[in-house]
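To keep things clear, I will list the structure first and then write my remarks on it.
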Amino acid sequence: MNKTVQVTDNSIQLMEDSERRFRALVNATSDVIYRMNPDWTIMHELDGRGFLSDSGQPISDWLTRYIHPEDQDMMQFAIHNAIRHKKVFQLEHRVLKSDGTSGWTFSRAVPVFNDQNEVIEWFGTASDITPRKEVEEELRQTREELMASKRLHEAIAGSTPDLIYVFDLNYRFIFANKALLDMWGRTWEESMGKYLIELGYEPWHAEMHEREIDQVKTTKRPIRGEVSFPHATLGRRIYDYIFAPVLDEHGEVQAVAGTTRDISDLKLAEDALKQSEDKFRSLTQSLPQLIWTARPDGFCDFFNHQWYEYTGSTALESAGDGWTKYIHPSHVKPVFEKWQEAISTGLSVKIEFQLRARDGTFNWFYVVGNPIKDESGIIHKWVGALTNIEERKVVEENLEQLVKERTHELQRSNDDLLQFAHVASHDLKEPVRKVKIFTNRLEKEFGQQIPETASVYLNKIYGATDRMNNMIEGVLNYSTVSNLEQAYSEVNLNEILLNIETDLEVLIQQKGASIRYATFPGFEGAPLLIYQLFYNLINNSLKFAQKDIPPVILISSSLFTETENTQLEITLSDNGIGFSQQHADKIFNTFTRLNARDQYEGTGLGLALCKKIVERHNGIISARSEEGKGSTFTVTIPTKRF
């Protein structure tokens, strides 16, 4: 009986010790922590740390709940070995994350023994290694692509009878294939880094090729020619050669590549050779990309190795229209329609779409397909290349997000400035108002007692306070015009001009002015802002009228089409004092004055406000003038809001 109590007490103690160790481990690590019963059929507890979902209570379906279906058999096998040998369990495997996606983890669990060396439970931790596995997969794919590209280049360069070589920008050979080395009768070590003259080329021959290399470097265009050269064993032969630029990522020439073909026995087949060379150039220019060719009717009959490496497909699966099943479902229709249009018109095809990789992921590609035509314009072949632009797309998305964030910050700043403008205008108006009130009281209370000089000073104070009040109103109008929510509707400019004439009636009569205009076409805009625009322009013409000459203001309009949008051009001309044309842009700046304040009143904000209103309507405003001969203002705005 005592022995049973002692065993029970030991078990309770072991459980308490186990619980304390588990809690200590949870607090000491950022990894996922879990506890399993001896045969791993029950998970007592799991702290997922946001990577996996917490278990909350003992569960028996932990395998299907947390382990990726494809890795469950491997997991059970590793567990079986660990239980059998009472050894530490450790395994890299995929898991089902808390957000529903899959990820990778390195899981390690150690057995906990009792005094009889029996496993009473397992303590385990799991580390998130998803980023590492993704990088490893990318590196693996990159290595495979590089090795495939290298094997392809080596196979092409080593198996062809053509001479393939590369010059650096100093005319030295930095690559030569076996066929060229055989022609020279030299080894690789004897040839690399050597100039043409050092490899047996006659002086005239070497100088000619150096000039051609310079031409390719300058024009960035291929050059073609024929030349004779003595073969090491076959004697003098005739060769057809092509020099082509090798461009770096910035579009600059970093080397000049060449191919040379012995045409001594093929002179009678020059036409066939030309077609072969055209196809050869098209393919070699696209070798780093996914290459395809198609028959004139659009049947795709060839894909290069990179295509099969990327898609994981076979030649049979991709032939004909089979390639379409690797395109993202939402892009299949537009891509296929674009391809059919190119086949029917004989024009190049260019389009962006997402292409499925062998691992099921999608990357953005840009495809260009060109027809190969003979001299009569008949298409004999289509050749195309797909370029991976996934990185560019990511940059564009990041840039778009950055623009949204900056726009939000700018809007918040504008709102703060608008609030400041309202507060500042109220605070500035108050002292101006008090100056006017107390100046008025001085004049009323002291009346005739005020000396003549003091009256002059009081009048100056009145004028200054009026200008200050106008300046405050002008600043407020200028600062708020871009932020006012104005309803856009059909604008009746004739009605607006009639209202302006009514509001300026006294000034028009004082000046003896006349305003002449015909009927204007309707357009979409904010009527209140359009009123303010032409009020300021007309008031400006009245203000800067010539002395003793009645102002005449002419307003006309015309319509024209620009980039599929109808534009309305409104011209306002006057016979005022004008200004020098060199100030035509300056007058639309804030607080700009071309004339003395004691001669012409104003805040220097009227025309600046006009420019802001026009820009609010997606338009432009300009001015032309000559001193003493009046001014002309031209407003151009779209008739429809966009």
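Heads up: numbering here begins at 1 and tracks the sequence. FYI, side chains are in, hydrogens and waters are out, and symmetry mates aren't considered; it's all heavy atoms of this structure.
- With rounding to the nearest 0.5 Å, the separation of NZ in Lys178 from CG in Leu163 is 12.0 Å.
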Audit row: Ile351, Tyr366, side chain to side chain contact (heavy atoms under 4.5 Å, CB included) steps and yes/no
CA-CA 6 Å; Ile351 192 170; Tyr366 175 66; over 6 Å; no
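- Considering only heavy atoms from C-beta on, Thr218 stays 4.5 Å or farther from Val216 through its side chain.
- In this structure, Leu559 and Thr566 approach most closely via the heavy-atom pair CD2-CG2, 4.2 Å.
- Of all heavy-atom pairs spanning Ala623 and Ile587, the tightest one is CB-CD1, 3.9 Å.
- Separating the CD atom in Glu136 from the NZ atom in Lys133 is a distance of 5.0 Å, to the nearest 0.5 Å.
- For Thr105 (side chain) and Ser127 (main-chain N/O), a donor-acceptor pair under 3.5 Å exists by modelled atom type.
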Report all side-chain donor-acceptor pairs from residues 388-399 shorter than 3.5 Å, counting only partners two or more places apart or in another chain.
from   : atom 1 : to     : atom 2 : distance (Å)
Asn388 : OD1    : Glu390 : N      : 2.9
Glu390 : OE1    : Trp364 : N      : 2.8
Arg392 : NE     : Glu396 : OE2    : 3.1
Arg392 : NH2    : Glu352 : OE1    : 3.4
Arg392 : NH2    : Glu352 : OE2    : 2.6
Lys393 : NZ     : Glu352 : OE1    : 3.0
Asn398 : ND2    : Val394 : O      : 3.3

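- For the residue pair Ser191 / Trp184, no side-chain donor-acceptor distance below 3.5 Å is found, with atom types taken as modelled.
- Phe173 and Tyr165 have perpendicular rings, their planes meeting at more than 60° on a 0 to 90° scale where under 30° would count as parallel.
- Summarising the geometry, atom NE2 belonging to His68 is positioned 10.5 Å from atom CE belonging to Met74; distances are rounded to the nearest 0.5 Å.
- Between atom CG of residue Asp301 and atom CH2 of residue Trp382 there is a gap of 13.5 Å, rounded to the nearest 0.5 Å.
- Using a 4.5 Å heavy-atom threshold, the side chains of Ile129 and Glu92 count as touching.
- Between Lys217 and Glu252 there is no salt bridge, since none of the side-chain N atoms of the basic residue sits less than 4.0 Å from a carboxylate O of the acidic one.
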Audit row: Ile530, Leu493, side chain to side chain contact (heavy atoms under 4.5 Å, CB included) steps and yes/no
CA-CA 8 Å; Ile530 296 298; Leu493 187 55; 4.1 Å; yes
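- Inspection of the Tyr195 and Glu210 side chains reveals no N or O donor paired with an N or O acceptor under 3.5 Å.
- Once rounded to the nearest 0.5 Å, the distance linking OG of Ser330 with CD of Gln354 reads 6.5 Å.
- Judged by distance alone, the side chains of Gln567 and Thr636 never bring a donor and an acceptor atom under 3.5 Å apart.
- Between Asp297 and Ile343, the closest side-chain pair of non-hydrogen atoms is not below 4.5 Å.
- In this structure, a donor-acceptor pair under 3.5 Å is present between the side chains of Asn370 and Ser348.
- Classification of Lys325 and Glu317 as a salt-bridged pair fails, no side-chain N sitting under 4.0 Å from a carboxylate O.
- Considering only heavy atoms from C-beta on, Ile197 comes within 4.5 Å of Pro203 through its side chain.
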Given ring-ring contact (aromatic ring centres under 6.0 Å, His included), test Phe243 with Tyr241 step by step and report yes or no.
CA-CA 7 Å; Phe243 290 171; Tyr241 64 90; 5.2 Å; yes
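- Minimum heavy-atom separation, His380 to Asp374: NE2-OD2, 2.8 Å.
- Heavy-atom minimum distance, Ile379 versus Pro371: CD1-CB, 3.8 Å.
- Separation of the Tyr488 and His617 ring centroids falls under the 6.0 Å cut-off.
- When the shell of 6.0 Å around CZ of Arg624 is examined, it contains 12 or fewer heavy atoms from other residues, nucleotides or ligands.
- Using modelled atom types, one finds no donor on one side chain facing an acceptor on the other under 3.5 Å when comparing Ser98 with Ser53.
- Salt bridge present: Glu137 and Arg140 bring a charged side-chain N and a carboxylate O closer than 4.0 Å.
- Across all their heavy atoms, Ile242 and Pro222 have their closest contact at CG2-CB, 4.5 Å.
- With hydrogens and angles ignored, the 3.5 Å screen pairs no side-chain donor or acceptor of Lys612 with any backbone N or O of Ala608.
- To the nearest 0.5 Å, the span separating CH2 on Trp188 from CG on Asn177 amounts to 9.0 Å.
- Between the side chain of Thr130 and the backbone N or O of Trp104 there is at least one donor-acceptor pair closer than 3.5 Å.
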Is there a side chain to side chain contact (heavy atoms under 4.5 Å, CB included) between Leu355 and His328? Walk through the geometry before answering.
CA-CA 6 Å; Leu355 189 67; His328 193 283; over 6 Å; no
Contacts under 3.5 angstrom, residues 332-342 side chains, donor-acceptor by atom type, not counting sequence neighbours:
none

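- Taking every heavy atom of both residues into account, Leu96 and Pro69 meet most closely at CD2-CD, 4.4 Å.
- Considering Trp292, Tyr310, Trp323 in turn, Tyr310 is the only one that fulfils the ring pair (Phe, Tyr, Trp, His ring centres under 6.0 Å) rule with Phe365.
- Put simply, the side chain of Ser557 does not reach to within 4.5 Å of the side chain of Thr571, judged on heavy atoms.
- Contact check on Asp71 versus Arg94 returns a salt bridge, with a Lys/Arg side-chain nitrogen under 4.0 Å from an Asp/Glu carboxylate oxygen.
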For the pair Gln289 and Gln306, evaluate side chain to side chain contact (heavy atoms under 4.5 Å, CB included) and give the outcome as yes or no after the intermediate values.
CA-CA 7 Å; Gln289 301 152 320; Gln306 284 87 337; over 6 Å; no
